[in-house]
Amino acid sequence: MSAKYGNIGHVLLIDVVRVSEAVTRTSARLGKVGHLAELLGRVGADEAEIAISYLSGELPQRQVGVGWRTLQDPPPAKLAATATLTHVDALLSKIKAVSGQGSQAARKALVTELFAGLTSQEQAFMLRLLSGELRQGALDGVMIEAIAKASGAPSADVRRALTLRGWLPAVGAAALTGGVAALHAFKLEVGRAVSPMLAGSAPNVAAALEKAGTPAALEWKLDGVRVQAHRSGDQVRVFTRTLDDITAQVPELVEAVLGLASDDLVLDGEVIALRPDGRPHPFQVTASRVTTKTGAPRLREDTPLSVFFFDALRVDGADLLDLPYAQRQEVLAQTVMPGLLTPRLITGEVPEAEQYFIDVIKAGHEGLVVKSLTSPYAAGRRGAGWIKVKPRHTLDLVVLAAEWGHGRREGKLSNLHLGARDPESGGFVMLGKTFKGLTDELLAWQTERFLELAEGSTDEWTVSLRPELVVEIAFDGVQRSPRYPGGMALRFARVLRYRPDKRAADADTVETVRSLML
DNA sequence: TTCCGACAGTGGGGTCGCAAT
DNA sequence: ATTGCGACCCCACTATCGGAA
């Protein structure tokens with residue numbers, strides 16, 4: 001199919017841009033799939049990866065070191081759209097190479113060169129693509145269907161290949177040239193990251209058990225960083241959830257894996273910094289350890305990382321992804337010493353499960369992941385076999401300001417600035433922002449109400465309000481903040497409901513918030 | 001015909017590395 | 001030394017579509 005035209009570089013960027021615009025205009029998913037599949041049916045082999053990549057909102061280069069700031073004031077646009085897909089891709093590779101060597105001036109010059117060769121229509125597309133905000137209503141999920149349609153392969157086969165390969169453009173290009181047979185050729189490869197299985201969520205343990213089916217496994221949810229560890233012989237590589245390589249930052253994990261008897265492994269788990277008493281450090285401490293590259297020795301002494309595995313995808317050359325959870329666990333338990341296993345309990349009894357939840361929270365951890373004993377390791381799809389449960393805190397806070405929204409929230413005041421009451425000063429202390437939990441109806445209501453309370457603008461996007469409106473906020477915890485004046489910020493704040501029955505004087509105080517930060 | 005699973009969008013706080021100031 | 005940008009850790013929630021029931 002790809003060799004239909006037998007030439008190279010015949011697809012123009014403008015072709016891709018036009019399809020993207022058609023996808024944006026079409027609300028029906030099947031319609032979007034149709035537009036995408038039509039283009040995929042006429043791209044050359046060398047262009048398939050680029051087209052699939054762009055039309056699912058990412059770059060083949062992953063990141064090129066160019067963001068919104070570098071993209072301000074682009075050069076004048078061309079009138080004729082002549083840029084080919086392969087030309088644009090080559091320029092982006094050059095930009096990435098230069099970014100790796102320093103010199104922002106050289107990078108800026110190349111970005112200018114790229115944009116000077118584009119029409120304003122193409123510039124607008126590239127701007128959104130490079131800033132990661134394509135917003136055409138199609139990402140991997142829709143693209144999988146489009147690849148299936150264009151190649152004639154079942155979408156389940158495309159999805160399966162994506163799980164094993166971890167990168168959709170490569171999978172799509174293979175499907176377009178080699179069809180189903182090419183998709184079946186993708187195998188789990190030690191040293192190359194697999195798309196990790198993700199968890200859905202439930203409000204409580206009972207609901208999670210109902211979703212997962214009973215009995216189910218209740219695993220501790222540790223507040224660390226997800227890791228996928230590969231070992232082939234004495235070579236170990238470690239990947240994050242987004243498949244970035246962090247091998248160099250986690251020597252403890254590398255040593256732990258090298259200490260295992262099997263030398264052909266792919267394991268799934270979590271790294272976390274624990275205190276000497278075994279309780280977890282705040283998430284920031286683990287995150288800092290995992291992203292710090294230099295000065296590792298001292299850091300390692302001060303804040304060692306622990307690893308806890310919870311799944312085995314491959315052991316001793318055997319691929320385990322299709323086995324039910326219970327069988328993968330058996331293999332894992334035989335492969336890894338007990339100290340490296342994520343603590344868990346198997347039960348179908350709600351009261352026992354609820355007590356276990358209370359215990360894990362008491363131990364300082366984040367919650368539980370409830371897992372079906374029968375589900376295979378299915379990447380990408382959230383909510384199938386794994387369900388996370390976390391406790392929820394709430395506070396009544398005062399809305400101090402609001403920011404104008406973007407996209408479908410344009411023209412609506414969307415993002416709330418939240419404050420706790422400070423009895424000492426008689427004022428309010430900002431604890432963070434949230435835009436989550438708002439229905440369209442609530443969004444419309446609050447925009448109207450906020451404009452009544454407006455008392456000026458601090459900047460172009462922000463409207464400051466008379467501090468009168470009380471809103472009930474749910475959040476996961478209070479963390480130390482270098483940004484906000486009170487030194488505290490809410491983690492994962494979201495709106496539950498407005499409290500018209502309460503006045504600002506009834507809102508929760510900074511002291512209450514501080515008592516939650518332990 | 002109704003229900004519900006999967007997806008995309010809309011942004012949140014914190015941290016590091018790096019280049020420029 | 002500090003600042004700003006880019007990238008990436010962690011992420012919750014609602015609206016919508018379309019297949020399942």
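Chain letters run A, B, ... following the sequence lines, proteins first and then strands; every chain starts at 1.
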Is A:W68 near enough to C:dG6 that one of its side-chain N or O atoms lies under 4.0 angstrom from OP1 or OP2?
yes
Quick one: is A:T291 getting a side-chain N or O under 4.0 Å of the C:dA7 phosphate, OP1 or OP2?
no
Using a cut-off of 4.0 Å on non-hydrogen atoms, how would the nucleic acid contact of [X] be classed: base, sugar-phosphate, or nothing?
{"X": "A:K390", "result": "sugar-phosphate"}
{"X": "A:V227", "result": "nothing"}
{"X": "A:A474", "result": "nothing"}
{"X": "A:A489", "result": "sugar-phosphate"}
{"X": "A:S99", "result": "nothing"}
{"X": "A:V142", "result": "sugar-phosphate"}

Without swapping roles, check the side chain of A:R289 against the backbone of A:T303 for a donor-acceptor pair under 3.5 Å.
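Looks like yes, one N/O pair under 3.5 Å.
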Quick check: does any side chain N or O of A:S99 sit under 3.5 Å from a backbone N or O of A:V64, one acting as donor and the other as acceptor?
yes
Any donor-acceptor pair under 3.5 Å joining the side chain of A:R29 to the base of C:dC17?
yes
How are the rings of A:F450 and A:Y498 set to each other: parallel, tilted or perpendicular (split at 30° and 60°)?
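Judged by the thresholds at 30° and 60°, the geometry between A:F450 and A:Y498 is perpendicular.
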Give the nucleotide from the list B:dG12, C:dG19, C:dC17 with an atom nearest to the side chain of A:S27.
C:dC17
Ignoring hydrogens and angles, state whether a donor on the side chain of A:T512 or A:T509 is under 3.5 Å from an acceptor on the partner side chain.
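Looking only at side-chain atoms, A:T509 and A:T512 do form a donor-acceptor pair, the distance falling under 3.5 Å.
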